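Report on the following structure.
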Protein chains: 2
Amino acid sequence: MARKQGSHAGITGPRVQDTALRLFAQHGFAAVSMRQIAAEVGVQAGALYNYTADKQSLLFDLLQGNMTDLMGGLDSADLKGPPLSRLEGFTRFHIRYHLPRRDLVFLSYMELRNLSESNYATIARLRRAYEDRLEAILLDGVASADFAIDDCRIATLALIAQLTGITNWYRPDGRLSEEQVAETYWGLVRRTVAARSHA
Amino acid sequence: MARKQGSHAGITGPRVQDTALRLFAQHGFAAVSMRQIAAEVGVQAGALYNYTADKQSLLFDLLQGNMTDLMGGLDSADLKGPPLSRLEGFTRFHIRYHLPRRDLVFLSYMELRNLSESNYATIARLRRAYEDRLEAILLDGVASADFAIDDCRIATLALIAQLTGITNWYRPDGRLSEEQVAETYWGLVRRTVAARSHA
DNA sequence: GTCTATAGGTAGATAGAC
DNA sequence: GTCTATCTACCTATAGAC
């Protein structure tokens, strides 16, 4: 059965999301107009409203999808074993997840303030849950005397900031491969927690 | 000599800067209108143009002032002695400077993309100069075998990201004082560079 | 230095034809 | 599902009175 002329369900939808992500990251949520997004997708502005209730939902869906993928990815990484192994697994997963998604990461940190109160609460809860995964590893490591950390909450936030900061300077065509970056940062992380090297 | 009615030179100017800073940090540069700023300052929108050429200059002046103060503050900190002492001085200065300026720090990271090309280049140059100060300390420490670091450029960026990230969670009325935060982070930094504790 | 008024343009979102 | 047209509201920046 032939579609109506100009109908592109299943094609336009993802393109709207991709385009919005790129433009929001590049210019900021507030600076991007629905008309700009539509123009890059190749439709008229009105047509966007077949895919999103409004501009705010477009942002929220991107951020929520990101956090859901992040948590799901961490679950799939299935970290096991002693604290040091789990910390290495977390570090490498975090880098592996974030490096190919620099736009999304930037958006997730910069545009939280443009979310409605309830949407913000949802994202903040997911982020906190992610942080708690790392903190649990650190607490275990301290309990087993593998790590020497004064304040596991602070160390958690410090490590995540350090690792996420990679997205500010990393370029796929730069001097370091993703693997080299992961290796270097794992070295920094291991020493930060004062892990016994080969106990 | 009586001023003209409604004239407040020297009062309105700083208030415009302060208000713009607060609103830009809260809602984003593009999301804040000149009318909003004017309303909070207590003047009409047109009056703002006695203090700034346009909206973009308002942002640039804030960011440039921040970087100038940062570099000047680091000079005043006058770091001397062996690498470990200078690293401690840098760490404590960075925290001391950034914690009371959380809005400005947020703005400096988030709104670079709203600067014109030449304004951006100016800010980027200043930031690079600041990073180079830390990198020089790390390189010295490696040369003297006080530090064990594979890649000093990476370590520089990692440490700055870690320290600047404090502004994302620190609250003046939180469980930790500025001094306690500085102490905890200096511990993390010292171990990250694998400094010999009391050699 | 501040005001009012306004020029000239763009914003988000909706209605109804196809 | 997409289009055109449009509503209503807001934007930055300027002009000229006081």
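Quick caveat, the model's predicted, so the values are computed rather than measured. Heavy-atom basis, side chains included; hydrogens, waters and symmetry copies ignored. Here is the naming used below: chain letters follow the sequence lines, and residue numbers restart at 1 for every chain.
Going from atom NZ of B:K55 over to atom P of D:dT14 covers 15 Å, rounded to whole Å. The separation between A:L48 atom CG and D:dT2 atom C1' is 11 Å, rounded to whole Å. Residue B:R15 contributes atom CZ, which lies 11 Å from atom P of C:dT2 at whole-angstrom precision. Taking atom CD of A:Q36 as the reference point, atom C1' of C:dG12 lies 13 Å away to the nearest angstrom. Between A:R35 atom CZ and D:dC7 atom C1' the separation is 11 Å, expressed in whole Å. Rounding to whole angstrom units, CG of residue B:D54 and P of D:dC11 are separated by 17 Å. Atom CD1 of A:I37 and atom C1' of C:dG12 are 11 Å apart (whole Å).
Ranking D:dC3, D:dA13, C:dG1 by closeness to the B:N50 side chain, first place goes to C:dG1. Of the candidate nucleotides C:dT2, D:dC3, D:dA13, C:dT2 has the atom nearest to the side chain of B:A47. Closest approach to the B:Y51 side chain among C:dA13, D:dT14, C:dG1 is made by C:dG1 (side chain taken as heavy atoms from C-beta onward). Distances were taken from every side-chain heavy atom of A:V43 (C-beta onward) to each of C:dG12, C:dT2, D:dC3; the shortest belongs to D:dC3.
Put simply, B:T12 has no side-chain N or O that comes within less than 4.0 Å of OP1 or OP2 on C:dG1. Contact annotation: B:Q44 reaches the phosphate of C:dT4 (side-chain N/O to OP1 or OP2, under 4.0 Å).
With DNA chain C read from its 5' end, the first of the two nearest nucleotides for A:A31 and A:G46 is the one closest to A:A31. If A:A45 and B:S33 are placed on DNA chain D by their nearest nucleotide, the residue sitting closer to the 5' end is A:A45.
Within 4.0 Å (heavy atoms only), B:V32 reaches sugar-phosphate atoms of the nucleic acid but no base atom.
Taking 4.0 Å as the cut-off between side-chain N and carboxylate O, B:R153 and B:E135 count as a salt-bridged pair.
Between A:N114 and A:E111, the side chains place a donor N or O and an acceptor N or O closer than 3.5 Å (distance only, hydrogens not considered).
The aromatic ring centres of B:Y130 and B:Y97 sit 6.0 Å or more apart.
The CZ atom of A:F93 sits 12.0 Å away from the CG atom of A:L134 when rounded to the nearest 0.5 Å.
A cation-pi contact links A:R127 to A:Y109, judged by a cut-off of 6.0 Å to the six-membered ring centre and 45° from its axis.
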